[in-house]
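Order of the sequence lines sets the chain letters (A, B, ...), proteins ahead of strands, with each chain counted from 1.
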Protein chains: 2
Amino acid sequence: MTTPPSLLSLTIHSAILNLSSISDLSFLPDHIVLHLFLETLKAGKLNERVLKLFVASGKDEVLSLIGEFKIQQIVTPVLPTIHIKDNEVDIVIGAFHSDLTSFMNEWRPVFTRFHLIIVKDPELKEDLEIPDGFDLDVYTLQDINRIVGTSNSIKFSGYSCRYFGYLVSRKKYVISVDDDCVPAKDDKGLLIDIVEQHLLNLSTPATPFFFNTLYDPFRKGADFVRGYPFSLRSGVACSLSCGLWLNLADYDAPTQALKPSLRNTRIVDAVLTIPVGAMLPVSGINIAFDREVVGPALCPALRLAGEGKFRWETMEDIWCGLCVKVTCDHLKLGVKSGLPYVWRNERGNAIESLKKEWEGVKLMEEVVPFFQTLRLPEAAVTADACFLEIAKVVREQLGRSNPMFARVAEAMVEWVEIWKKVGSGPLPDDN
Amino acid sequence: MTTPPSLLSLTIHSAILNLSSISDLSFLPDHIVLHLFLETLKAGKLNERVLKLFVASGKDEVLSLIGEFKIQQIVTPVLPTIHIKDNEVDIVIGAFHSDLTSFMNEWRPVFTRFHLIIVKDPELKEDLEIPDGFDLDVYTLQDINRIVGTSNSIKFSGYSCRYFGYLVSRKKYVISVDDDCVPAKDDKGLLIDIVEQHLLNLSTPATPFFFNTLYDPFRKGADFVRGYPFSLRSGVACSLSCGLWLNLADYDAPTQALKPSLRNTRIVDAVLTIPVGAMLPVSGINIAFDREVVGPALCPALRLAGEGKFRWETMEDIWCGLCVKVTCDHLKLGVKSGLPYVWRNERGNAIESLKKEWEGVKLMEEVVPFFQTLRLPEAAVTADACFLEIAKVVREQLGRSNPMFARVAEAMVEWVEIWKKVGSGPLPDDN
């Protein structure tokens with residue numbers, strides 16, 4: 001004759017079967033946690049996670065049992081990687097050419113899993129040609145006018161149209177690639193998946209506070225080298241990933257005009273964190289970022305008077321990158337550069353562009369020292385607050401001597417307003 | 001009947017034949033320079049250098065002629081590279097093993113052109129075995145005692161023996177490689193010439209004030225990317241080149257113990273300048289430096305109490321690297337990291353070393369923030385002055401809580417004295 005099971009033993013039994021869904025034991029009476037621990041042991045259910053659960057309960061008797069049994073926590077060196085789901089990603093493409101057929105087909109193996117936002121350059125007259133088989137939304141001038149209205153300082157024409165995509169995305173991560181780029185191939189001839197690499201860059205920590213000579217320590221096969229402080233090894237979140245370019249690299253018009261045959265053929269198989277305080281020329285050709293965290297700091301604020309439709313005639317991404325880097329440095333976030341590469345096709349006549357591009361070249365002489373010495377107030381704890389602080393100093397310092405910078409500051413302020421209004425929540429309905 | 005040539009025409013004729021040895025024309029009367037210019041043109045001797053000579057003369061008539069003839073100076077984009085001669089280089093090897101036969105033979109194709117300084121670890125009992133066919137000087141404990149005498153704070157045993165080689169070198173450049181490293185092979189299976197690559201790193205400018213996303217802009221096939229300020233493109237002199245390691249990388253004992261099978265197999269085909277203000281863990285395994293400029297800042301000042309004969313049991317190079325980086329940042333000099341790679345062979349038992357190595361690991365937590373915030377006075381304009389300033393602050397700040405750092409500061413001060421006494425001029429004669 002067997003005694004019927006007690007309510008306690010039934011509860012314990014049930015708890016052991018459901019250990020995986022229990023996240024806290026501390027609120028239970030000590031003797032029940034002890035009982036549960038012993039039964040868990042008997043049932044062979046003590047694994048690493050469950051052990052942590054019991055340790056975290058803080059129950060003295062359980063802790064001393066763990067000690068007496070010499071049960072040790074296995075410290076598995078786990079990469080502190082976050083997992084990004086496909087539906088947390090938007091790929092934004094600014095369309096400067098009406099026929100996107102070949103561009104889209106080349107990217108098909110990489111893009112089909114993701115939602116795409118295609119923003120048609122408002123100055124492009126022809127209808128877009130986009131092949132079937134993608135999950136996408138297309139935005140045109142009509143949508144821009146409907147959603148943002150007419151803005152005095154923000155223009156979404158040319159390369160700036162992509163920023164409208166950043167605005168209407170509702171995803172945590174945005175990947176952005178120019179429509180003159182196709183997938184590059186690695187040394188083995190395999191197609192480089194830029195999405196996978198960008199997401200890897202964003203989902204593993206950045207290490208801006210000490211340089212690791214073997215580059216990204218979170219890549220497979222790498223680690224921190226001797227002398228790297230252990231307290232800095234957990235790193236910080238990475239908010240911006242800047243990819244590179246094979247074939248036609250992102251040179252300015254003077255460099256391209258001087259060395260017309262210069263092509264980038266070297267794949268440097270590395271990702272690195274740009275150290276805190278160091279500025280870099282972020283190119284908008286091939287980037288990814290954490291929209292939730294730094295989205296408001298990516299804005300088409302700087303528009304050159306003679307801006308054209310070739311990358312080397314624009315500076316809006318360089319300006320934007322300096323704003324984001326200063327913001328990330330201030331917020332203790334990381335910026336990475338390196339992999340992935342895209343293959344960039346030929347476009348434009350650099351010598352023709354020289355007539356316009358010198359303006360941007362000259363601007364950098366003033367802009368770089370400004371950003372190198374810019375320090376933000378501690379009260380700024382979000383990207384939009386940082387961005388507004390930058391706008392303020394731009395107006396006060398750079399804007400005094402050059403009215404263009406006063407306009408840039410104005411655009412930055414307006415951008416934050418637009419972002420707050422349009423950057424989250426439901427978008428205005430289609431009419 | 002011909003008139004005999006005038007003295008002037010003879011002189012002009014002779015001058016044209018010797019244009020290559022003329023470096024100044026400005027002291028000559030205007031009409032003679034004009035005459036010389038026209039004759040040079042007729043003789044077809046006007047090349048770029050000669051044109052510059054005439055332009056530099058500042059003679060109005062010559063300058064207007066150049067203008068009228070529409071003679072243009074060809075602005076060839078020349079890499080601002082300095083040329084390093086073989087006899088400006090010493091290769092310093094600290095000998096921790098008595099039998100250097102295989103080490104030397106492996107390096108033979110690379111080393112034979114250069115003068116080698118081999119410093120025998122004073123604690124090594126056996127005689128050195130060195131194969132023939134090299135131009136080298138060997139230094140032993142006897143030489144150390146003769147040249148430096150007995151020092152209270154500087155010890156040249158273990159890895160520190162190489163610093164004696166830095167001291168007695170009389171060359172502008174020093175390359176230093178550990179005796180557990182052999183030449184690595186590149187992707188094509190070709191032996192990597194570390195000397196060539198290190199000298200390339202040191203002879204081309206560094207760019208610490210803005211990050212170039214395509215890495216070293218002075219490498220073949222690379223350049224500055226769009227947005228890089230033109231005023232920063234000439235860069236600064238590079239004073240330290242830090243190479244990397246294939247196979248066994250320079251991990252610390254905890255990392256190597258935790259991941260015993262971790263090997264570095266990835267060649268990252270890049271050299272980059274570490275940005276100003278960013279600190280890095282310089283490893284002494286494979287480095288090169290401008291001895292004339294930063295030599296006095298490379299010193300075996302930090303010796304761990306339990307220091308051993310394995311790389312991961314030492315920190316002297318890490319400390320040294322932080323001193324050099326702060327010095328270079330202050331003096332507006334560059335530090336590069338990346339290529340060349342060496343192949344590092346297995347040595348030692350990381351788990352055994354853990355007993356000693358933790359001391360160094362803990363030290364870094366204090367040392368890194370110290371160097372990150374260290375600023376040197378403007379009056380310090382040489383590496384030795386910078387190094388003495390660092391020693392002062394080390395004693396005042398770090399030495400207060402930890403007597404080990406007081407000893408480090410003392411060693412640094414003594415090192416500069418030794419360097420001044422022994423680091424240049426004739427060495428004391430052999431007895």
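If you measure heavy-atom distances from Q256(B) to chain A, you find no contacts under 4.5 Å at all. Interface remark: V368(A) contributes side-chain atoms only to the contact with chain B (heavy atom separation under 4.5 Å). For L322(B), the part sitting under 4.5 Å from any heavy atom of chain A is the side chain, from C-beta outward, and nothing else. In this structure, chain A has no heavy atom under 4.5 Å from any part of D187(B). Only the side chain of T255(A) has a heavy atom closer than 4.5 Å to any heavy atom of chain B.
Between D252(B) and R233(A), at least one side-chain N (NZ, or NE/NH1/NH2) sits under 4.0 Å from a carboxylate O, which counts as a salt bridge. Electrostatic pairing of D216(B) and R266(A) does not count as a salt bridge here, judged by no charged N lying under 4.0 Å from a carboxylate O.
For the pair R226(A) (side chain) and A253(B) (backbone), a donor-acceptor distance under 3.5 Å is absent. The closest donor-acceptor contact from the side chain of Q372(B) to the backbone of F209(A) lies under 3.5 Å.
The two residues W245(A) and V225(B) make their nearest non-hydrogen contact at CZ3-CG1, 3.8 Å. Between A270(A) and Y215(B), the shortest heavy-atom contact is O-OH, 4.0 Å. Taking both residues in full, the closest heavy atoms of A249(B) and L214(A) are given as CB-CD1, 3.6 Å, listed atom of the first, atom of the second, then distance. Shortest non-hydrogen contact noted between S337(A) and T213(B) is OG-CG2, 3.6 Å.
The choice from L232(A), I318(A), D250(A), L262(A) that makes the most heavy-atom pairs within less than 4.5 Å of chain B is D250(A). Contacts with chain A were tallied for V367(B), V282(B), L272(B), L363(B); L272(B) has the most, counting heavy-atom pairs under 4.5 Å. Between chain B and the options Y228(A), F224(A), W319(A), heavy-atom pairs under 4.5 Å are most frequent for F224(A). When the candidates G221(B), A278(B), S231(B) are compared by the number of heavy-atom contacts under 4.5 Å with chain A, S231(B) comes out ahead.
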Q: Output, in order, the C-alpha distance, side-chain angles, deciding distance and verdict of side chain to side chain contact (heavy atoms under 4.5 Å, CB included) for V361(A) and F230(B).
A: CA-CA 7 Å; V361(A) 164; F230(B) 274 68; 3.4 Å; yes

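Taking the side chain as every heavy atom from C-beta outward, F211(B) and M279(A) never approach each other to under 4.5 Å. When side chains are defined from C-beta on, D223(B) does not count as touching L258(A), because their heavy atoms never get closer than 4.5 Å.
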